[in-house]
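Atoms within a ligand are numbered from 1 in the order they appear, just like the ligands themselves.
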Amino acid sequence: MNQLSKIRMLFFVLCYMAASFSKAQNPIVQTIYTADPAPLVYNDTLYLYTGQDEDKSTWFTMKDWRCYSTTDMVNWTDQGVPLSLKNFSWAGKDAWAGQCIFRNGKFYWYVPVNQSNGAGMAIGVAVSSSPTGPFTDVIGKPLIHSGNGDIDPSVFIDDDGQAYLYWGNPYLKYVKLNKDMISYSGEIITVPLNKEGFSVRFKDADKRPSAYEEGPWLYKRKELYYLLYAAGGVPEHLAYSTAPTATGPWTYQDTIMSIIPKGGAFTNHPGLVDYKGKSYLFYHNGALPGGGGFTRSVCVEEFSYNEDGSIPRIQNTVNAIVNGVAHLDPFKKVQAETIAWTAGLETEFDKTVGVFVTAIDHGDYIKVRDVDFGAGAKTFNASVASAISGSTIEIRLGSPVGDVVGYLNVKNTGGLKKWKTLSCAVDSVKGVHDLYFVFKGKGTELFNFDWWKFNK
Ligand code: FUB
């Protein structure tokens, strides 16, 4: 993020400080612009795959896909860039909305890209043995190229093992994937976009047959199949249809999220998941400073299904997750890029240490929510790298100006990539707190921060 964006970001964060002291949650990521969220639960962890909007974009100028993870729904760990355009030799531009799924020990990430040969958008699939990559284009060519609107793939595996891929704008298509997940059998089917299945559109009604726009998200709950999608025209809202099978016939149900009036982007994009007994809708808006139609940010809302299985109207909020689903253990190594809320920071990737926190200026801070200190902590360790001396990490509770329980003096470690583990004593902290690392020093680029840990 450039200096101007950073100043805007700081202004935004100051405005939101009052809220962030308590419970601000949305947008989930404050270090960059993110879009098109696609959640995946694997073992104990929820992984969120997103696209990345470039700063000051005036189009969907997207090069990388990102991944974030959580085990509590309030702190998100930046897992970097597991997949980018560079991974597809045939891709030219437009790293748009995808979805990742697990099957037989491997992760399959379906993504649309614009082909370098000028043939338009097509859908590729990248494979990894880890949810955070690295991912590889194992087929070395598009999996799907069927027309002029092959974007926004959604993948789903039914109880009988049959996998389906849905996608498209302006059309909606699906195909049955083979068990290898990198090929398909049978015809590509075009879903009829009629009034019964997808309602009618009120804007540009002459241009398209129904409210369906793009961004399908397919899943099953209690024998009913749900298809969520961006509906419109533009600006988009989120709506859904249901069916007795994964292939329809679809019956239109309702709007899920209305057009977001403030902090809106003209697109929206649904991703729905159940995690640790609760249901969550992921979407995007334009709520970060400098945000808008091409500089979007992913958000999440918790919701409960209605008794009859219908999805209620879900509001776009700032403080979505009032209660997380777990506490964070500070006595295990925690990546510094595990963040509930931050002010002014960025993350970077390094081959030696992976993702780390950088661009730390005087006054920046990281909030980590619901940290369980149990019977007490005595010392604090952090892995840092600095080219200057005299900086400090103030360890505070409750807010960026809350009680200080320790100061870690960050000395010159020999450079911004020369990592050292530094320690300090902390006042006995007990119980569950929101933890704040407030960074102090002379000016900008004080140091880099890789991980932290308390000792009992
Ligand atoms: O992010 C680029 C495009 O915008 C996606 O493919 C659509 O779903 C819309 O969100």
Side-chain angles (χ1 to χ4, degrees), residues 27-29 32-39 48-67 81 83-85 88 91-100 109-115 120-125 142-155 165-173 193 198 208 211-218 227-240 256-257 259-260 263-272 281-288 291-300 316:
I28 291 170
V29 178
I32 54 165
Y33 298 115
T34 53
D36 304 326
L48 186 67
Y49 299 87
T50 77
Q52 176 177 352
D53 282 340
E54 298 295 318
D55 289 1
K56 295 186 179 169
S57 265
T58 52
W59 175 242
F60 300 112
T61 313
M62 305 168 83
K63 295 185 295 205
D64 297 325
W65 292 275
R66 313 279 309 205
C67 179
V81 180
L83 186 63
S84 89
L85 285 179
F88 298 96
K93 56 181 181 175
D94 299 340
W96 288 4
Q99 187 184 348
C100 186
W109 197 345
Y110 301 85
V111 289
V113 296
N114 216 322
Q115 299 172 80
M121 296 300 291
I123 294 169
V125 56
L143 171 67
I144 304 283
H145 183 220
S146 74
N148 246 344
D150 292 337
I151 68 166
D152 296 0
S154 176
V155 60
L165 195 73
Y166 270 74
W167 73 92
N169 175 356
Y171 45 70
L172 173 63
K173 297 183 178 181
L193 292 175
F198 299 92
R208 295 193 188 203
Y212 173 83
E213 187 83 23
E214 58 184 358
W217 181 267
L218 175 67
L227 193 70
L228 277 56
Y229 45 90
V234 168
E236 294 172 346
H237 62 280
L238 301 182
Y240 80 110
I256 302 169
M257 178 174 277
I259 296 164
I260 301 170
F266 60 87
T267 63
N268 203 343
H269 194 101
L272 191 147
L281 174 73
F282 290 86
Y283 62 101
H284 65 222
N285 66 17
L288 278 188
F294 304 113
T295 42
R296 300 160 292 176
S297 290
V298 296
C299 298
V300 64
N316 154 57

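Residues meeting the ring-ring contact (aromatic ring centres under 6.0 Å, His included) test with Y110, sequence neighbours left out: none.
Put simply, the residue from D53, T267, T50, T34 that forms a side-chain hydrogen bond (donor to acceptor under 3.5 Å, both in side chains) with H284 is T267.
Residue-level contacts of ligand 1 at the 4.0 Å heavy-atom threshold are D36, F60, M62, W96, A97, D152, E214, T267, H269, H284, R296.
Pairing each heavy atom of A230 with each of N268, the nearest pair is CB-O, 3.4 Å.
Ring geometry for Y49 against W109 counts as perpendicular: the plane angle is over 60°, on a 0 to 90° scale with 30° as the lower cut.
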Self-check item: D152 and W96: CA distance, side-chain angles, deciding distance, side-chain hydrogen bond (donor to acceptor under 3.5 Å, both in side chains) verdict
Solution: CA-CA 7 Å; D152 296 0; W96 288 4; over 6 Å; no

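Checked against the 6.0 Å centroid threshold, F198 and Y229 count as a close aromatic pair.
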